[in-house]
Amino acid sequence: MRAGGGEQQALLRQVLGWRVAASIAWSVLLLPLCTAVFISISSIDLFHPIQWISDSFNDWYTSYVIFCILLMSVVILIISIFNVEFYAVVPSIPCSRLALLGKIIHPRQVIHSVVHAIMGMLVAWCAAVMTKGKFQFLALPCTASESLDGAVQHMCLNEYHLFLLLSGAFMGYNYSLLYLVNNMNYLPFPVIQQYKYLRFRRSLPLLVKHSCVESLYLVRNVCVAYYFFGYIPRAWISTTMDLNTDSKLHPLDTLTGLLDLSLLYHTWLCGIFLLITWHIAWLLFKIYATEAHHFPVQPTFAEETDQCLPKILNSNPPLLIKFLALQDLMLLSQYSPVRRQEVFSLSQPGGHPHNWTAISKECLNLLSDLTQKLIMQQEAAATNGRVKQPSTGELGRSLSSSEATVTEEMAFQTQRSNVVSRTHMPSLVKSSLMPLKALSTSDLGSSFGSPFSSPPSLNRKAGILDLNSPWHGSVQSPHLMRRGPKLWTSNSDLQINGSHPASFPVISVARIGNEAIQPSFIYTWLQNKQEQVRNFLSKRVLIMYFFSKHPEASIQAVFSDAQMHIWALEGLSRLVAASFTEDRFGVVQTTLPAILNTLLTLQEVVDKHFKLPHASSKPLRISGSLMDTSFKTLRFALRASLKTAIYRITTTFGEHLNAVQVSAEHKKRLQQFLEFKE
Amino acid sequence: MCSLALFPPPPAPGDVTLYEFNNALVSGHIYEKLPLAFQDQLADLPVLTIPKETLKAHSRLEHSTKPAFIHHQETLWKRCLNAWRDVGMCGVLNEIANAEEADLQWMKTGSRWALALCHWVSSLHGSLFPHLSLCSEDMIAEFSQAVDWAGCSIRAFAWHPHTSKFAVALLDDSIRVHNTNSATIPILKHRLQRNVASMAWKPLSASILAVACQSCVLLWHLDPTSLSTRPSSGCAQVLAYPGHSPVTSLAWAPSGEMLLSASPVDTAMLVWDVSTENCVPLQWFGGGGVTYLAWSPDGSKVLAATPSAVFRVWEAQMWTCERWPTIKGRCQTGCWSPDGSRLLFTVLGESVIYSLSFSEYSGEMQGQVGGSKTASIVADLSETTFETLYGEERIGGEVHSMVWDPSGERLAALVRGNPESPESRTIIAVFRTRNSPVFELLPCGFLQGEPGAEPQLITFHPCFKKGALLTVCWSTGKISHIPFYFISAQVPCFSPSHSPVVALSGSSASVREQPLFSEL
């Protein structure tokens, strides 16, 4: 996995660096505009419009506004850095409420929340200063003390200012929470290619509307929170800063104090200002990061070799690069005859179709991986009724069964490199009887020897080592325990088989796509404790509320990276279709049987998946909202593009497909496609 | 330039155009047989007649259940809440303005003023874009490709792009799907399937039919192996978007991934990713809406006509567009050459066909449509008098719809007669066309149906092997197929489904026996 990791990191930096810089630059450039609008609206005065306009003009270039803009630029910079650090191209979908809770208290997320709360407070301070009036300063001369003795001015706490600061912190924290819950770190790739400006313009009205509504809810929540807990920070601030409370003014944690329209209005505006600036930074990053990148198919210079498409597809780059490469493959197969020609070309000395071999191999690998994953899931669903959930009492039994599941995975692993020809995998029992050790060596051997030597074998190794780790044999090991009830195989289960680093199932926070953080020992210990507690409490109904897995979520988790497969399908099928007229050397013909086999097998498995009882057959309605939820419906997109891909090949080749060597079963299926009966 | 005067005279009254052979349209009596060589070609194509009288009229005009219940006076607030849910802000204002409660006088006057303001604003909007003041049924009738959408029993027709299967939308809001290979005729009905303006089958798929309805786009998933004659409404996917109704035009991307839908009310056309029901609005103000869409067969460009005197050509990679203001009226119809390099279109108020050529498409020019600077007139269809043995015939006028056959060799234009003079009639003019090396448009002849039947809709069969096959829906409810037999001059390379493979496999069986792939 680490081989060539440095180069790939450099490539990621090279590709992403400019995009990040540009997105930050634009969001900082848009900041003065937002500030100007904010100042005008916050000092709105409908009865004296001319004075209002001239006043706000004057306010725009006062020194403290400029200072605020500078300060907020720093805030935007920090927010953008968090966006870059947290982004993921594969969303992490919590399968149960507990998993969600676990994600919230994960250290990374806690840091995220704390920093956002501080940033929120900073923005609120800027907003308060720019609003002027009664909000500007934290400490004011007391109005009550003046009458007593004019000589000594007592300073009093300005509760309005404090209220704004606290609401800013609250909003910042809330933003961070919603960032997690709504999977805002997920980068959805657009359905159609469009220029960045047009994409931004299209999303802007939605963004403003969303921020306004969101801010309204936030103000309500802030008020409620302040009503109950407002006295704590007030007392704390006034004691630490030695400020008096103004006896003449209403304290704000009463109903009369909170029902101050000007206060609510300015808090709302402050919320809108905060959300809009942050959302703009987020949106711009999203737009820039998902922009298509042009990878050369054939290197013009020797040093570019690492950056060309076949090489990138075949190595194991950061996921974002892989996604961009696959997107580029799809685009070139659709739009660019010149680049297609490069794909079909032969290498100059030797005459080997290296480009095509590399590209098709990787696409087929991806697709057969998906097939494997789905088969596993179906097996899990099928055996679920029979396998009893292992409890703490049945230590021996559960151990053996968990071993069985591990070996079962090994069995799949060994077959992984071949194209799966049949859907019905050999019985699990048989494979589980085979000795563990023998399998592990054969697995490693086969995957090193096979042309598709791939990193998962190493991961498998890590999985095996788990058995020898200190808690080997105890039931709490998360890997093994999770094998028990397998109705909804979650993303985290499957990561074991995928190409991701061995991870710890319940809490997997946005790790995919970023550098995996090695969890500390305490953390894993906590995990184990959690599992124990979970076992103990699983009988209680209330607790089950947290533990019960949401079926929809776990299906979504299985297909969370399906965008890759969709692009692979489209790119492959379009290339094959184009090869009918454009492939002069016949390089595609040699792989056609393999491609057809893979596609038809996948089609069978996907069909079967949609026939499972828990899978809803129709996508959920998605209202046009700012938060992208397209990852929830990826499986439908996959099913549709799979069918389209097969039809694309069959309509292009027509009767010629009868000459391709495929199994009789697949031949029958192909005939159905040829007759348009699928 | 081609003009109607060059055409051969129309067939004698009472004769029906049967087929084209040796570059001439042959007409005769309806019961006459085709030449023996071609009979088997058409034997399985169903010739239907769906008279208007057999269709059941709407059982109820109102679609709410309100009249079925006894009137019951609720409090004003409750009624307002209901009105808000059903109709929106205007409903609330209406409810308050018409309230019978004695108090709340000031609210009543206030809402009356607000309503008046609303009406004024909408009328102002309507004066800018007159079509917005039409009710949605009239709007569909105005912009539909069918000549008499409101009165005729057939409202829309669509051939499946790959197989011999077609769907017909009828006056009673049902859709029938006819398949030459099976006897079952599924009838599609859905609660939301009202006032169907257009239909389109998804390319590279066997079973998905998109239907443009008054309030939404319906997507029927019809299992081709199913024997059911009434697929349940569960087979239909509803694609709705606020402010996007009525839908008058649909276009599938030739690669089958995306669906475009257009409404004359909405300035944005929607790009649907139908499998996930996600949509991307392509906003372009100006024009006031989109009435007609045509995706070029090579998938590179899309024509989008608006209700005002402007149309746009979108390029389908980066989705940028070129704007084409027309002089006289809105663009009524348009069609693309098979390679997407030429667009023929007609404009309301002018009886000519314009041609617009585009530079050869290659993926390297991102974000450019590449249209030529000016459109040229290629055919003049103004009214012409033909002296025939049976008297004078006046033919010519505006073109209502136009279709180009998939091989690019025949063009059929539905020419609407002059509404002022009663003796001029709607007729189909057929042209012979050639697209390369230079564009040529030659007259072929007029198509005539049975006495009293006026053409309503025209479409070419997407994969007819011996030339081209024009399907005509007549105002009598008859659907007939008129074959044009010819040998295609160039090897068609427009769509994979009818590439040379088909011709080869038909002519010599021995080709199929040889292994295609080298053993490596």
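We use all heavy atoms of the structure for the numbers below, so side chains are in, but hydrogens, waters and symmetry mates are not. Residue numbers start from 1 in every chain, and the chains themselves are labelled A, B, ... in the order their sequence lines are given, proteins ahead of strands. These figures come from a predicted structure and were not determined experimentally.
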| His162(B) and Thr651(A): CA distance, side-chain angles, deciding distance, side chain to side chain contact (heavy atoms under 4.5 Å, CB included) verdict | CA-CA 8 Å; His162(B) 307 290; Thr651(A) 46; 4.1 Å; yes
| request: Decide side chain to side chain contact (heavy atoms under 4.5 Å, CB included) for Gln194(A) and Thr320(B); before the verdict, give the C-alpha distance in whole Å, the side-chain angles of both, and the deciding distance to 0.1 Å. | output: CA-CA 8 Å; Gln194(A) 250 186 319; Thr320(B) 52; over 6 Å; no
| request: Verify side chain to side chain contact (heavy atoms under 4.5 Å, CB included) between Gln334(A) and Glu257(B), making sure each step is shown before the conclusion. | output: CA-CA 12 Å; Gln334(A) 186 171 6; Glu257(B) 273 113 23; 4.3 Å; yes
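Of the atoms belonging to Glu570(A), it is side-chain heavy atoms, and not backbone ones, that fall under 4.5 Å from chain B. Contact of Glu678(A) with chain B is made through the backbone alone, with heavy-atom distances under 4.5 Å. In this structure, no portion of Pro242(B) lies under 4.5 Å from any heavy atom of chain A. Of the atoms belonging to Lys202(B), it is side-chain heavy atoms, and not backbone ones, that fall under 4.5 Å from chain A.
At least one side-chain heavy atom of Leu282(B) sits under 4.5 Å from a side-chain heavy atom of Ile192(A). For the pair Tyr195(A)/Met318(B), a side-chain contact is recorded, criterion being any heavy-atom separation below 4.5 Å from C-beta on. Counting heavy atoms from C-beta on, the side chains of Lys643(A) and Ser205(B) never come closer than 4.5 Å.
Note that the CD atom of Gln317(B) and the CD atom of Gln193(A) stand 7.5 Å from one another [nearest 0.5 Å]. Interatomic distance, Ser641(A) OG to Asp273(B) CG, rounded to the nearest 0.5 Å: 9.0 Å. Distance check: Thr276(B) OG1 to Phe631(A) CZ gives 13.0 Å after rounding to the nearest 0.5 Å.
Of the residues considered (Ala645(A), Ala640(A), Ala637(A)), Ala637(A) shows the highest number of contacts with chain B, using heavy-atom pairs under 4.5 Å. In terms of heavy-atom pairs under 4.5 Å with chain A, the best-connected choice from Pro203(B), Ser255(B), Gly234(B) is Ser255(B).
When all heavy atoms are compared, the tightest approach of Thr225(B) to Lys677(A) is CG2-O, 3.8 Å. Summarising the geometry of Ala206(B) relative to Phe676(A), their closest heavy-atom pair is CB-O, 3.5 Å, with the distance given to 0.1 Å.
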